[in-house]
Amino acid sequence: MALGLFKSSSPLTLGVELELQIVNTHDYDLVASAPDLLRLLAKKKKPWDVKPEITMSMIEMATGICEHYSDVLTQLEEIQEGMLDCADRLNIGICGGGTHGFQHWGERKIFATPRFSQLSDIYGYLAKQFTIFGQHVHVGCSDPEVSLYTLHGLSRFIPHFIALSAASPFVQGHDTGFQSARLNSVFAFPLSGRAPFVETWADFSQYFNAMAATGIVKSMKDFYWDIRPKPEYGTIEVRVMDTPLTITRAAQLAAFIQAVARYLIIERPFQPRENDYLVYTFNRFQACRFGYEGTYVDPQSNEHRTLSEEILLTLDKIEPHAIELHGDEACAALRRDVLTSSSDAALLRKEWDETASLSETVQRQCLRWRA
Amino acid sequence: MDFSFLSTGPLKFDFLMRIAIALLAASLLGEGLWRFARLPRVSGYALAGLVLGPLGLGWLDAHDLPYYRVIIDFSLTLLFFELGIQVHARWLRDNPWIIVSSLLESFLTFCAVFAALYLTQRDIRLAASVAAIAMGTSPAVIMRVVAEIRAQGQVAQRLFVLCALNVTYSVIFSKLIIGSLHGVFNGDWLAAVIHPLYLFLGSVGVGAVLALTFKWLRGFFDLSDEQGVAVLFGLLLLTLSVLEALSLPVVLAPLLAGVMVKFLDPRPHLWPRNFGTAGAILCIMLFALMGVSLTWKGIAMGGLTALALLGVRQVAKSVGVMLLGPVSGLSVRQMLALGWALSPMSAVAFLLVEDIRTLFPAFGAQVGSIVLPMMVILELLGPIVVQLALRYSGETRKKGT
């Protein structure tokens with residue numbers, strides 16, 4: 001399959017996808033009820049974008065094309081309400097968070113579509129281990145060159161997005177010590193990581209065709225990159241975030257990404273270079289492991305600072321753009337969280353401390369998602 | 001040398017020996033069925049009970065029943081409390097179609113069994129009693145099978161709820177009928193009205209006290225650790241003795257208490273691990289003892305009728321579930337599975353027959369001659385049907401099932 005043309009979309013529009021957990025309400029383990037939920041949602045005959053994911057305990061909801069923060073929030077609220085109504089009728093719980101605290105990957109069931117079955121054949125147990133829950137944010141780009149510029153520019157901010165969204169401290173019943181342990185599962189895939197450093201669509205197509213010729217990939221979907229272009233939508237898609245515990249947080253993150261993208265596109269504050277990526281995996285690891293407390297190495301100056309300092313600096317720089325995009329309130333909320341070291345991961349750890357039970361922690365995740 | 005410490009005369013084995021043999025035989029047969037054929041262990045327990053009972057070797061019989069009753073009653077108290085905790089009152093509010101389909105399923109079962117029996121035997125009281133008992137599904141069977149294959153999903157979940165509801169109707173209806181028998185047999189109509197009312201309200205009261213005590217204790221104990229098991233056992237034994245002192249049915253109060261506990265405290269209730277072990281032993285006994293009242297004479301009397309009624313009952317239950325399945329949110333496959341999974345009958349039916357027999361021996365024997373063969377067939381085959389149904393619905397999580 002060829003890469004196809006990059007379809008132009010209106011600049012800086014947003015699209016948000018959230019992968020959610022489906023749990024039972026008895027012990028709050030994951031339950032394979034995605035088909036039930038989809039069947040009930042289909043009866044509502046609404047134009048909501050709700051899709052199955054690779055295992056049957058996951059479900060994905062997505063907004064349409066949004067202009068601003070409030071737009072994202074309204075659309076997410078509407079789908080959430082409909083989904084909770086169906087979930088209540090099935091006596092199942094829906095919640096955010098990047099991982100399920102105590103599920104056993106071996107018990108997961110692959111959702112029976114040709115693509116998921118094929119992935120399961122290729123990746124074996126990795127496919128079931130991929131029962132992790134992320135937020136994806138699409139940012140509209142007017143042309144492919146802008147999309148590649150934005151992609152490489154945003155790469156510097158990947159640690160920011162990770163730390164602000166981190167919501168996966170627990171894996172398979174244990175505290176991992178990470179703020180976002182979810183991304184460790186993504187690393188296992190051979191085609192994960194970052195996009196190659198190419199700056200023109202011609203070069204990118206050439207790279208894609210060369211990869212396709214090797215027979216390893218068939219479409220852009222086969223790349224599990226942190227940020228990848230989505231030519232058929234005319235967007236780039238940021239994929240490193242954990243699904244937050246609330247949709248408000250999800251919308252705030254989208255607003256932050258939108259403001260950073262506007263800052264990059266309008267101010268062109270730096271020219272991306274291959275060497276930016278020297279510190280990329282280090283920074284990314286620090287963000288996953290330590291969150292706000294992690295070390296951030298500035299790819300330009302090689303200066304070291306804490307990620308919280310770096311995020312606050314970024315928030316200062318993008319403020320005029322956030323105001324322009326009506327996202328200043330959302331960014332202010334994120335600033336408060338950085339200043340008070342509040343994150344979803346910290347919240348989950350606190351609840352685990354209080355309840356001494358991961359089941360109960362998941363129950364509270366469900367209540368929080370509903371709030 | 002004085003050998004008087006040795007037993008003199010022929011060796012005598014008391015009922016403890018018979019219980020021990022029943023436990024050993026049942027657990028070995030159950031484990032064998034599971035290991036070699038992946039069939040439910042409970043079928044093996046019931047099979048052992050039949051082999052040891054009057055139909056087979058005759059080692060266990062109704063003679064010792066008063067001793068066994070404590071085991072049976074306590075197992076049921078545990079089971080019903082556990083079942084109750086799995087029933088969310090909130091769900092019934094969010095999806096009222098589940099209650100409607102429960103009512104429909106039970107109503108159709110009652111009508112179908114009543115009609116079939118009345119048309120052949122022309123005895124209203126007999127038809128009504130058997131029909132009331134036939135409404136219920138065995139919680140013991142479905143809970144053991146669901147736990148054994150670790151089933152989880154809409155079918156397993158609804159199975160618990162429909163079972164809790166249809167057993168409740170079954171017990172109340174049976175008591176109503178016993179009440180009306182009072183009227184018929186003794187001309188005492190006031191007793192006929194007040195008795196079932198007392199049973200129900202009494203159960204609600206005791207259930208509420210149990211639920212509140214449980215919730216209060218949960219503030220001090222982690223009820224999922226070892227200490228918790230002792231506390232929980234003590235609490236349920238106490239409940240059982242109170243129920244018996246008040247002449248209330250053993251199943252309704254713990255069931256209602258479980259529902260109230262989950263309603264008052266929606267946190268996850270993890271069943272204590274050791275509690276599962278202790279509960280499992282009681283459960284083995286429960287199944288092994290179910291065969292004691294069944295004799296070849298009884299089978300000759302009611303066996304054929306029982307077979308016919310089983311067919312009628314299954315059709316009624318399946319149709320009941322199928323009619324409202326789509327509107328309550330089930331797929332066709334799930335509806336089919338749920339209808340079949342509702343088939344088991346066991347200890348509750350046994351107890352209801354016993355209750356009638358205690359009050360009205362001759363009539364009780366008549367009811368038993370039909371219900372007991374139904375129950376025994378379903379004790380052997382019911383678990384297998386439930387397992388197949390849950391496999392068909394794709395809800396098992398245990399390897400090899």
Side-chain angles (χ1 to χ4, degrees), chain A residues 22-44 55-57 83-95 101-112 128 173 351-352 354-367 370, chain B residues 82-98 143 146-147 149-161 218 222-225 258 261-263 265-271 273 325-335 390 393-399 401:
Chain A
I22 306 177
V23 297
N24 74 48
T25 58
H26 184 65
D27 63 7
Y28 291 88
D29 197 357
L30 287 176
V31 60
S33 288
D36 300 313
L37 199 53
L38 288 165
R39 188 174 59 244
L40 261 61
L41 276 163
K43 282 193 193 166
K44 287 193 178 271
T55 62
M56 293 210 287
S57 316
M83 199 187 276
L84 283 173
D85 179 57
C86 295
D88 285 344
R89 289 176 54 206
L90 294 165
N91 196 24
I92 52 181
I94 305 280
C95 66
F102 61 92
Q103 61 117 357
H104 290 285
W105 62 266
E107 287 177 356
R108 303 284 66 87
K109 292 169 181 165
I110 300 291
F111 198 104
K128 287 186 177 180
E351 301 199 324
W352 190 45
E354 280 170 21
T355 60
S357 148
L358 283 174
S359 284
E360 219 168 313
T361 309
V362 178
Q363 186 218 356
R364 294 202 185 179
Q365 272 170 261
C366 292
L367 290 175
R370 191 177 275 276
Chain B
E82 196 182 343
L83 177 67
I85 284 185
Q86 306 244 20
V87 176
H88 297 211
R90 184 190 55 74
W91 188 22
L92 302 181
R93 184 202 65 199
D94 292 336
N95 192 348
W97 286 112
I98 292 177
M143 289 173 74
V146 164
I149 56 178
R150 306 197 50 234
Q152 180 180 263
Q154 285 299 304
V155 175
Q157 203 169 211
R158 287 172 197 237
L159 186 55
F160 283 157
V161 173
R218 212 184 168 195
D222 175 3
L223 288 174
S224 63
D225 71 6
V261 162
K262 185 70 189 179
F263 181 74
D265 185 359
R267 290 183 296 165
H269 289 84
L270 299 184
W271 216 237
R273 236 164 282 135
V327 61
S328 75
L330 289 179
S331 70
V332 175
R333 185 177 273 260
Q334 287 169 329
M335 291 187 284
L390 289 168
S393 71
E395 294 188 2
T396 63
R397 286 186 293 164
K398 185 91 184 172
K399 279 222 166 72
T401 57

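It should be emphasised that the depicted structure is a prediction, and the values quoted were computed from it without experimental measurement. Chain letters run A, B, ... following the sequence lines, proteins first and then strands; every chain starts at 1.
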Q) Tell me, do B:I85 and A:H26 make a side-chain contact under 4.5 Å, heavy atoms counted? A) yes
Distance, nearest 0.5 Å, that separates [atom1] of [X] from [atom2] of [Y]:
X      : Y      : atom1 : atom2 : value
B:D94  : A:C86  : CG    : SG    : 11.5 Å
A:S359 : B:R267 : OG    : CZ    : 11.5 Å
B:E395 : A:K109 : CD    : NZ    : 7.0 Å
A:R39  : B:L330 : CZ    : CG    : 6.5 Å

Q: Please step through side-chain contact (heavy atoms from CB on, under 4.5 Å) for the pair B:R397 and A:H104, ending with a clear verdict.
A: CA-CA 11 Å; B:R397 286 186 293 164; A:H104 290 285; over 6 Å; no
Q | Under 3.5 Å donor-acceptor, B:Q157 side chain and A:I92 backbone | A |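 No: the side chain of B:Q157 does not pair with the backbone of A:I92.
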Q | Contacting moiety of A:L358, where chain B heavy atoms sit under 4.5 Å | A |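 Answer is neither: A:L358 stays 4.5 Å or more from chain B.
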Q: Measure distances from A:Q363 to the heavy atoms of chain B and classify the residue's part below 4.5 Å as side chain, backbone, both or neither.
A: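 Interface part for A:Q363: side chain.
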Given a strict heavy-atom distance threshold of 4.5 Å, which part of [X] is in contact with chain A: side chain, backbone, both, or neither?
X      : answer
B:R93  : neither
B:V327 : backbone
B:P266 : both

Q. Looking at A:N24, A:D29, A:V362, which makes the most heavy-atom pairs under 4.5 Å with chain B?
A. A:N24
Q: Sort out for me which of A:V31, A:L90, A:D36, A:D85 touches chain B most, counting heavy-atom pairs under 4.5 Å.
A: A:L90
Q | A:T25 and B:R90: CA distance, side-chain angles, deciding distance, side-chain contact (heavy atoms from CB on, under 4.5 Å) verdict | A | CA-CA 11 Å; A:T25 58; B:R90 184 190 55 74; 4.2 Å; yes
Q: Start with the C-alpha distance between A:N91 and B:R158, add both sets of side-chain angles, then the distance that settles side-chain hydrogen bond (donor to acceptor under 3.5 Å, both in side chains), and finish with yes or no.
A: CA-CA 10 Å; A:N91 196 24; B:R158 287 172 197 237; over 6 Å; no
